[in-house]
Protein chains: 2
Amino acid sequence: MNSRHLTFRLLQVYAAVVSSGSVSEAARRLHLTQPTVSQQLKRLAEAVGEPLLASRQGRLSPTEAGAELYRASREVLGRFDDFGDYLDALRGGERGRFSIALVNTAQYVLPRLMGPYSRAFPEVDMTVHIGNRRQMLTRFERQEDDLYVFSHPPSLAHAVAGRFLRNPLVAVAPRGHRLAGRERVAMSELLGERMLLREPGSATRMLFDSWLQEQGLTLGATLQMASNEAIRVGVASGMGLAVLSEHVLPPEHPDLVILPVAGLPLESHWQFIVRRDRRLSHAALGFLRFAEGHLGECVEPRFVCNELAGLLERLEAAP
Amino acid sequence: MNSRHLTFRLLQVYAAVVSSGSVSEAARRLHLTQPTVSQQLKRLAEAVGEPLLASRQGRLSPTEAGAELYRASREVLGRFDDFGDYLDALRGGERGRFSIALVNTAQYVLPRLMGPYSRAFPEVDMTVHIGNRRQMLTRFERQEDDLYVFSHPPSLAHAVAGRFLRNPLVAVAPRGHRLAGRERVAMSELLGERMLLREPGSATRMLFDSWLQEQGLTLGATLQMASNEAIRVGVASGMGLAVLSEHVLPPEHPDLVILPVAGLPLESHWQFIVRRDRRLSHAALGFLRFAEGHLGECVEPRFVCNELAGLLERLEAAP
DNA sequence: ATTAAATATAGATAATCATCTATGGCATCA
DNA sequence: TGATGCCATAGATGATTATCTATATTTAAT
């Protein structure tokens with residue numbers, strides 16, 4: 001059998017003929033003329049090398065070979081219909097996969113979004129990478145992920161961005177610290193204290209450093225730890241003070257106080273970043289849509305800053 | 001997805017690319033040039049409406065949609081390979097169906113052939129119709145069967161025939177009859193006896209009648225019964241004499257004797273008849289082949305008269 | 001930074017496909 | 001015995017396919 005030039009169309013036509021038992025009827029159903037169908041049939045029979053239909057008392061009924069071909073055709077056409085459904089699901093973002101890369105600090109909030117999302121779209125495989133800003137930048141350069149979350153995006157030459165969450169940096173001290181309870185604290189007053197800092201390359205550190213520089217201030221004693229958790233616990237146990245994302249603090253934090261330092265909180269925003277030179281997976285787009293629609297329900301209102309509509313518009317305009 | 005112009009060839013090419021992870025390699029495997037494969041790929045991706053392959057560190061690996069298409073392609077191609085196998089089996093006569101129509105008397109021998117055949121080809125569905133000559137002629141006119149067994153074929157205008165079995169008609173009398181034990185009996189001596197005859201329209205009757213006519217003889221008392229069995233038992237129990245196919249007699253028949261009538265046995269032959277205006281099913285052809293090869297083993301040698309080689313030759317020449 | 005290999009693009013072409021309209025032969029049914 | 005409907009054949013045609021060769025572009029390896 002020569003399946004080289006066998007088209008799905010041909011099988012469709014054949015299936016229609018068998019199931020209607022008539023060439024003319026099939027032609028009508030398919031909005032074709034009868035000779036067209038006749039000829040297709042002939043071509044198919046030639047390709048198979050066996051007669052497929054025998055006209056038995058007015059009705060066309062398949063021969064042995066024809067019946068088997070009919071079975072095969074139905075299966076094959078069915079399989080491709082399924083594939084079509086799969087594609088639709090893929091395109092609708094109901095299934096598929098995507099990977100997202102988060103800057104460390106964002107891991108305290110994003111699960112609030114990702115949890116409901118993956119309950120709503122259980123068929124989507126989501127891979128989450130977490131690291132500090134520098135590591136995320138590397139992944140971004142290498143185009144390793146579909147979606148990135150940064151507070152300050154790298155060059156937007158090849159990317160588009162949309163803000164969605166406030167990320168205020170606040171100064172924290174252990175409860176009972178001499179500055180705790182004050183109405184107002186000047187930054188300069190902190191400089192005498194030991195500061196616990198994230199490692200260079202982290203976003204939090206970068207923001208804090210550049211703010212200090214703007215203010216013309218320099219730090220005294222420091223202690224560096226590559227983890228928000230470690231710093232938070234460190235502050236609570238009196239190792240020093242720190243400037244941290246508010247998201248890092250648990251809802252209740254009886255052992256810590258936020259100092260009302262002038263100029264703080266340092267306002268920054270997390271944004272979703274999408275490369276424009278890599279086709280965004282439907283699933284990732286679906287996630288953004290979900291975020292756009294459900295951010296308010298998932299995150300404390302005071303942090304919400306939903307500017308995703310604009311991002312989605314740009315993404316859906318030129319896909 | 002537009003599956004209208006999707007060919008199996010295209011899927012083959014795609015499957016080759018995915019499984020080799022390289023366009024060039026696939027081209028080599030398929031004895032095509034690389035641009036050909038590239039272009040097919042492009043066309044396929046257009047038809048699907050999604051990118052199918054992403055070049056990941058040197059190797060091409062399928063996207064989500066591409067992976068599903070690959071699965072679908074494999075299944076579909078596999079299904080058609082199976083269909084090819086089915087066709088081969090059909091063509092080899094190993095499977096399929098056919099129907100054969102036997103003249104009554106032949107039912108005493110043909111099972112000896114059909115039994116071994118259907119053990120050798122258990123996948124073939126065989127339908128056997130049995131009736132008297134007239135009924136078989138009607139079936140033949142209506143082209144209801146693949147194969148017919150007659151002793152005297154109808155017009156061979158639309159059919160070909162091949163003899164394979166002798167069918168001698170002999171005169172039988174009950175053991176102890178006055179003519180039994182004689183060295184020689186003249187037909188005229190039988191005419192006084194009552195004869196048990198098959199019905200008009202049966203082959204046995206037709207042969208006997210026309211022989212009598214040739215000899216210028218007329219029967220006396222007769223008794224008509226539409227069954228060889230009934231006649232045989234009737235003769236044994238003294239109802240009269242009969243002229244019957246020797247095949248009707250069991251191997252041992254202590255209550256019957258064959259009379260050595262001059263001019264008997266009436267020699268006739270059974271033949272397989274095949275219509276030429278109806279395509280012979282592969283299975284039926286397979287049965288004829290089997291008969292040609294195994295007749296000697298299945299039937300007492302003295303009855304064999306295998307002229308099927310010629311028939312097969314004609315059938316296989318113009319299929 | 002060169003080179004080599006792989007991929008993509010462009011342009012060409014014969015084959016084939018998917019259709020159509022027109023027409024002829026056969027059944028079937030009133 | 002027409003009339004009607006069904007199927008097959010023939011011939012025509014624009015679209016699409018399956019290929020190629022030649023060349024450009026990208027990517028990987030040295």
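What you see is a predicted model, and the numbers here were worked out from it, not measured in a lab.
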### Query
Is the distance from OP1 or OP2 of dA18(C) to the nearest side-chain N or O of T7(A) less than 4.0 Å?
yes
### Query
Is the distance from OP1 or OP2 of dA18(D) to the nearest side-chain N or O of H5(A) less than 4.0 Å?
no
### Query
Which part of the nucleic acid, if any, lies within contact of Q34(A), taking any heavy atom under 4.0 Å across all strands shown: a base, the sugar-phosphate backbone alone, or nothing?
base
### Task
State whether T33(A) places a side-chain N or O below 4.0 Å from either non-bridging phosphate oxygen (OP1 or OP2) of dC20(C).
yes
### Message
Counting neighbours of CZ on R74(A) that are heavy atoms of other residues, nucleotides or ligands and sit closer than 6.0 Å, is the number greater than 12?
### Response
no
### Task
Go through dA6(C), dA8(C), dT19(D) for me and flag the one nearest to the R28(B) side chain.
dA6(C)
### Query
Within the structure shown, what part of the strands sits under 4.0 Å from L10(A) by heavy-atom distance: base, sugar-phosphate, or nothing?
nothing
### Message
Run through DNA chain D and report every stem of 3 or more consecutive Watson-Crick or G-U pairs, distances under 3.5 Å, ordered by first number.
### Response
C:1-30 with D:1-30
### Message
Just to be sure I understand the rule, does Q39(A) reach a base, reach only the sugar-phosphate, or reach nothing, if contact means heavy atoms closer than 4.0 Å?
### Response
base
### Task
State whether S24(A) places a side-chain N or O below 4.0 Å from either non-bridging phosphate oxygen (OP1 or OP2) of dG5(D).
no
### Task
Measure centre to centre between the rings of F8(B) and F8(A), then say whether the value is under 6.0 Å.
yes
### Query
Can you tell me if the side-chain N/O atoms of T36(B) get under 4.0 Å from OP1 or OP2 in dC20(D)?
yes
